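Structure record follows, encoded as structure tokens.
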Amino acid sequence: MLDIKLIRNQTAQVQAALGKRGLYDLQPLLDLDDKQREIEKKRSELQAQSNETGKAVGQKIREGADPNGEEVKALREEGNRVKQEIGALEPQERELNAQIEEILLTLPNLPSDSTPVGKSEDENVEVRRWGDELIPSSAGRLPHYEIGEKLGIMSFERSVKIAQSRFVTLIGAGAALERALISFMLARHTHEGYTEILPPILVNSDSMQGSGQLPKFAEDGFKCDRDDLWLTPTAEVPLTNYHRDEVLTDDQLPINYCAYTPCFRREAGSYGRDTRGLIRLHQFNKVEMYKFVHPDSSFAELEALTADAEDILQQLKLPYRVIELCTGDLGFGSAKTYDLEVWLPSAEKYREISSCSNCVDFQGRRANIRFKESGKKGTQYVHTLNGSGLAVGRTMAAILENYQQPDGSVKVPDVLQKYMGTDTIRAT
RNA sequence: GGAGAGGUGGCAGAGUGGUCGAAUGCGCUCGACUUGAAAUCGAGUGUACCGAAAGGUACCGUGGGUUCGAAUCCCACCCUCUCCGCCA
């Protein structure tokens, strides 16, 4: 959520920054804000008057005036009159506040100054590449889902029977590889100072709003209607809301969390795309990293977070590149985002496997997460960052394709062998 | 699912219609004492909104209601805890 004060006082700058993402007209919001403040001012003056009257009644009675006498009665009537005036203003103010809130909740974050300006993903900027020399020749490379089915370690057909399309069932070494990846990633992150969290993966609507999925992206989520609970689309949701409505102290920051969770997404609007394989499923596993940090350090923390995600790919020896998203492709809550894209030989393409974002104070304001700086008055909103470290299914896909061998087997990456108890996956 | 208890400031815990944003204790900050620390003593210490400021307003789980006036009374809802049932 954007700061209404910022919008009010620096309208031109905010308008320009939003303009880089698309078209947003702030004028209706500003008009509502003007009206709201005018009414609030009036109402609070009347309220003061009413408080005075109330006090006067108490005063008189304590001084021995007849509670039913003329003097007190006159004051009561005065009180009633003021109360009526207030009663007329209150619904107006409530309505205005609701409208303002509604607009604020649908405005995306401002892109950072350093974010490249562009309309679509075509204008994203490649920042760096790693592991070019590891890219295998693509001759004879099968797509991961064919490898998986040949090895007997994944089944899409049976998953349709159990659930529907866009689900996978992993079998034997496939299940073990998924589990190995989760363990490996968590071990790496906890070793580097991230505290492991295993949160609820059903979350309420307040949580979905706090991290930015609601109200705008209700279509994308799976919901349990009877309970007002949603299946988490990402661990970012429970992790953000873990500290919702809290006031932290500056010596607690930065807070680093990592979490493994299943993630659930409808993937509405992508019906024709990635219909086969592990790339786009309704349910997938992800290890997420999340930071609550001091505003002064959030952009440096984004570099660190991205490096933490990259380290997983480097340890797995998977070639990848780092993309900085342009303003037109930036996520709703993000001010600056790096995507990590891993090389998929069968497609001869890089595919997104991680997204690392600095949301600055956007989620902090939505979820009301503040911190107190010792020696300073008042509170400030924390800055939050999130990054996949990594999407597990896509990592599995990348391993199967990059590590496949001429005989049809798949070599297990060195760092995973101790988790798998084997160095090769073969058809059984 | 059934029965009961309860939700007050960073924490603990008073407060059952008026001067209560809220006693007291702990914690925290500053000061005094001390070589330093502890202990002790003194002062201070919530958040948000409006306002240039003075100041004003709101907030005692949430939302309504009664009243000139509500933490306190009434209604609804939410949540937590205990016991019973069920259950991995």
Side-chain angles (χ1 to χ4, degrees), chain A residues 1-9 29-101 103-104 198 200-210 224-230 238 241-253 255 262 292 361 364-382:
Chain A
M1 193 153 71
L2 298 180
D3 184 0
I4 184 73
K5 275 192 226 162
L6 187 75
I7 297 174
R8 191 189 296 148
N9 299 329
L29 175 62
L30 291 167
D31 292 344
L32 289 169
D33 178 52
D34 265 355
K35 263 188 235 161
Q36 187 276 341
R37 278 189 301 159
E38 192 186 314
I39 288 180
E40 178 179 327
K41 194 175 167 211
K42 247 189 243 167
R43 197 220 65 225
S44 103
E45 279 166 6
L46 287 168
Q47 205 81 255
Q49 203 179 324
S50 166
N51 288 346
E52 284 305 312
T53 311
K55 270 182 199 159
V57 173
Q59 182 81 20
K60 291 289 175 202
I61 293 173
R62 251 173 293 116
E63 283 168 1
D66 175 5
N68 295 313
E70 282 304 317
E71 198 178 18
V72 172
K73 203 173 148 204
L75 281 171
R76 281 213 187 113
E77 276 161 13
E78 166 69 8
N80 267 324
R81 194 185 58 74
V82 175
K83 197 167 73 158
Q84 269 192 351
E85 285 185 55
I86 295 171
L89 291 178
E90 272 177 339
Q92 293 180 47
E93 195 185 349
R94 236 196 320 260
E95 176 60 23
L96 285 167
N97 277 328
Q99 287 179 22
I100 290 167
E101 173 94 351
I103 294 175
L104 282 176
L198 191 63
I201 55 176
L202 288 179
V203 298
N204 59 37
S205 292
D206 285 345
S207 292
M208 289 286 275
Q209 181 171 303
C224 311
D225 272 314
R226 287 168 61 192
D227 306 289
D228 183 34
L229 289 170
W230 302 72
N241 289 281
Y242 182 66
H243 288 300
R244 190 174 75 223
D245 294 321
E246 290 186 18
V247 180
L248 307 166
T249 53
D250 58 345
D251 60 358
Q252 287 177 273
L253 304 177
I255 296 173
F292 297 88
D361 60 357
R365 184 170 289 106
R366 276 187 170 239
N368 190 31
I369 308 166
R370 295 166 294 168
F371 73 99
K372 206 168 175 56
E373 196 154 0
S374 60
K376 277 198 189 173
K377 215 167 154 50
T379 58
Q380 307 173 58
Y381 289 107
V382 296

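Since we're looking at a predicted model, the values are computed, not measured. In the text below, chain A, chain B and the rest are named by the order of the sequence lines, each starting its count at 1.
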ask   = Is the shortest heavy-atom distance from the side chain of A:Lys60 to the side chain of A:Val57 under 4.5 Å?
value = no

ask   = Should A:His243 and A:Val382 count as side-chain neighbours, where that means a heavy-atom distance under 4.5 Å?
value = no

ask   = For B:C77, what is the paired nucleotide under Watson-Crick or G-U wobble rules, both distances under 3.5 Å?
value = B:G61

ask   = Who is the Watson-Crick or G-U wobble partner of B:C41, with both distances under 3.5 Å?
value = B:G31

task = Determine the interatomic distance between P on B:C78 and the same-named atom on B:C86; round to the nearest Å.
result = 26 Å

ask   = Of the options A:Arg365, A:Arg366, A:Arg8, which is the one that meets A:Asp3 in a salt bridge (charged side-chain N to carboxylate O under 4.0 Å, His left out)?
value = A:Arg365

ask   = With both distances under 3.5 Å as the test, what is the Watson-Crick or G-U wobble partner of B:G36?
value = none

query = Using a cut-off of less than 4.0 Å, is there contact between a side-chain N or O of A:Ser50 and OP1 or OP2 of B:G69?
reply = no

query = Would A:Glu78 and A:Arg81 pass as an ion pair if we require N to O under 4.0 Å?
reply = yes

Distance, P atom - from B:U40 to B:G46, rounded to whole angstrom = 23 Å

Length of the line joining A:Asp206:CG and B:C79:C1', which is rounded to integer Å = 13 Å

key: Whole-Å distance separating the CD atom of A:Glu52 from the P atom of B:C68   = 18 Å

Donor on one side chain, acceptor on other, A:Gln49 and A:Glu45, under 3.5 Å = no

Which atom pairs link the protein and nucleotides 49-52 of chain B when you take only N or O atoms and keep those under 3.5 Å?
| unit_1 | atom_1 | unit_2 | atom_2 | d |
| --- | --- | --- | --- | --- |
| B:C49 | O2' | A:Glu40 | OE1 | 3.3 |
| B:C49 | O2' | A:Glu40 | OE2 | 2.8 |
| B:C50 | OP1 | A:Arg8 | NH1 | 3.1 |
| B:C50 | OP1 | A:Arg8 | NH2 | 3.1 |
| B:C50 | O4' | A:Glu40 | OE2 | 3.3 |
| B:G51 | OP1 | A:Arg37 | NH1 | 3.0 |

task = Rounded to the nearest angstrom, tell me the gap between atom CD in A:Gln84 and atom C1' in B:U67.
result = 14 Å

task = Using atom CD1 of A:Ile86 as one end and atom P of B:U57 as the other, report the distance to the nearest whole Å.
result = 11 Å

request  = Using the C1' atom on both, measure B:G21 against B:C49 and round to a whole Å.
outcome  = 16 Å

key: Close side-chain approach of A:Gln36 and A:Glu93, heavy atoms under 4.5 Å   = yes

key: Pair assignment for B:C49, Watson-Crick or G-U wobble, requiring both distances under 3.5 Å   = B:G56

key: For the student: nearest non-hydrogen atoms of A:Phe371 and A:Tyr381, plus distance   = CE2-O, 3.7 Å

query = Under a 3.5 Å cut-off for both distances, is B:C68 Watson-Crick or wobble paired, and to whom?
reply = B:G18

key: P atoms of B:C20 and B:A71, separation to the nearest Å   = 12 Å

message = In whole Å, I'd like the distance from the CD atom of A:Gln380 to the P atom of B:U47.
response = 13 Å

query = Under 3.5 Å, is there a donor-acceptor pair between the A:Ser44 and A:Gln47 side chains?
reply = no

message = Could you tell me if the side chain of A:Leu248 sits less than 4.5 Å from the side chain of A:Leu253, heavy atoms only?
response = yes

ask   = Whole Å only: how far is the CG atom of A:Leu89 from the P atom of B:U57?
value = 16 Å

request  = Sticking with atom P, work out how far B:G4 lies from B:C77, rounded to a whole angstrom.
outcome  = 15 Å

query = Are A:Lys35 and A:Asp31 close enough for a salt bridge, meaning some N to O gap below 4.0 Å?
reply = no

query = Rounded to whole angstroms, how far apart are CD1 on A:Ile369 and C1' on B:A48?
reply = 17 Å

ask   = Now, which nucleotide makes the Watson-Crick or G-U wobble pair with B:A88, with each of the two distances under 3.5 Å?
value = none

remark   = Of A:Gly54 and A:Arg370, the one whose closest nucleotide on RNA chain B sits nearer the 5' end is A:Gly54

task = Taking atom P in both B:C74 and B:C26, compute the distance separating them and give it to the nearest angstrom.
result = 35 Å

request  = Both distances under 3.5 Å, Watson-Crick or G-U wobble: report the partner of B:G10, or none.
outcome  = B:C26

query = Are the side chains of A:Thr249 and A:Gln252 in touch, meaning some heavy atoms are under 4.5 Å apart?
reply = yes

ask   = Would you say A:Glu85's side chain and A:Val82's backbone share a donor-acceptor pair under 3.5 angstrom?
value = no

Which atoms of nucleotides 58-66 of chain B (N or O only) lie under 3.5 Å from a protein N or O atom, and what are those distances?
| unit_1 | atom_1 | unit_2 | atom_2 | d |
| --- | --- | --- | --- | --- |
| B:G64 | OP1 | A:Arg94 | NH1 | 3.1 |

query = By a strict heavy-atom criterion of less than 4.0 Å, which residues belonging to residues 72-80 of chain A are in contact with RNA chain B?
reply = A:Arg76, A:Gly79, A:Asn80

message = What's the gap between B:G36 and B:G31 when it is taken at their P atoms, as a whole Å value?
response = 13 Å

task = Rounded to the nearest angstrom, tell me the gap between atom CG in A:Leu248 and atom C1' in B:C28.
result = 17 Å

request  = Quick one: label A:Thr249 by what it contacts on the DNA or RNA (base, sugar-phosphate, nothing), any heavy atom closer than 4.0 Å.
outcome  = nothing

task = Between B:A70 and B:A3, how far apart are the C1' atoms? Round to whole Å, please.
result = 31 Å

note = Heavy atoms of A:Gly87 and A:Pro91 approach each other most closely as O-CD, 3.0 Å

task = Could you please name the partner base of B:A3, counting Watson-Crick and G-U wobble pairs only when both distances are under 3.5 Å?
result = B:U82

query = Does A:Gln49 or A:Gly58 map to a spot on RNA chain B nearer the 5' end, using the closest nucleotide for each?
reply = A:Gly58

ask   = Do A:Asn241 and A:Asn204 have side-chain heavy atoms sitting under 4.5 Å apart?
value = no

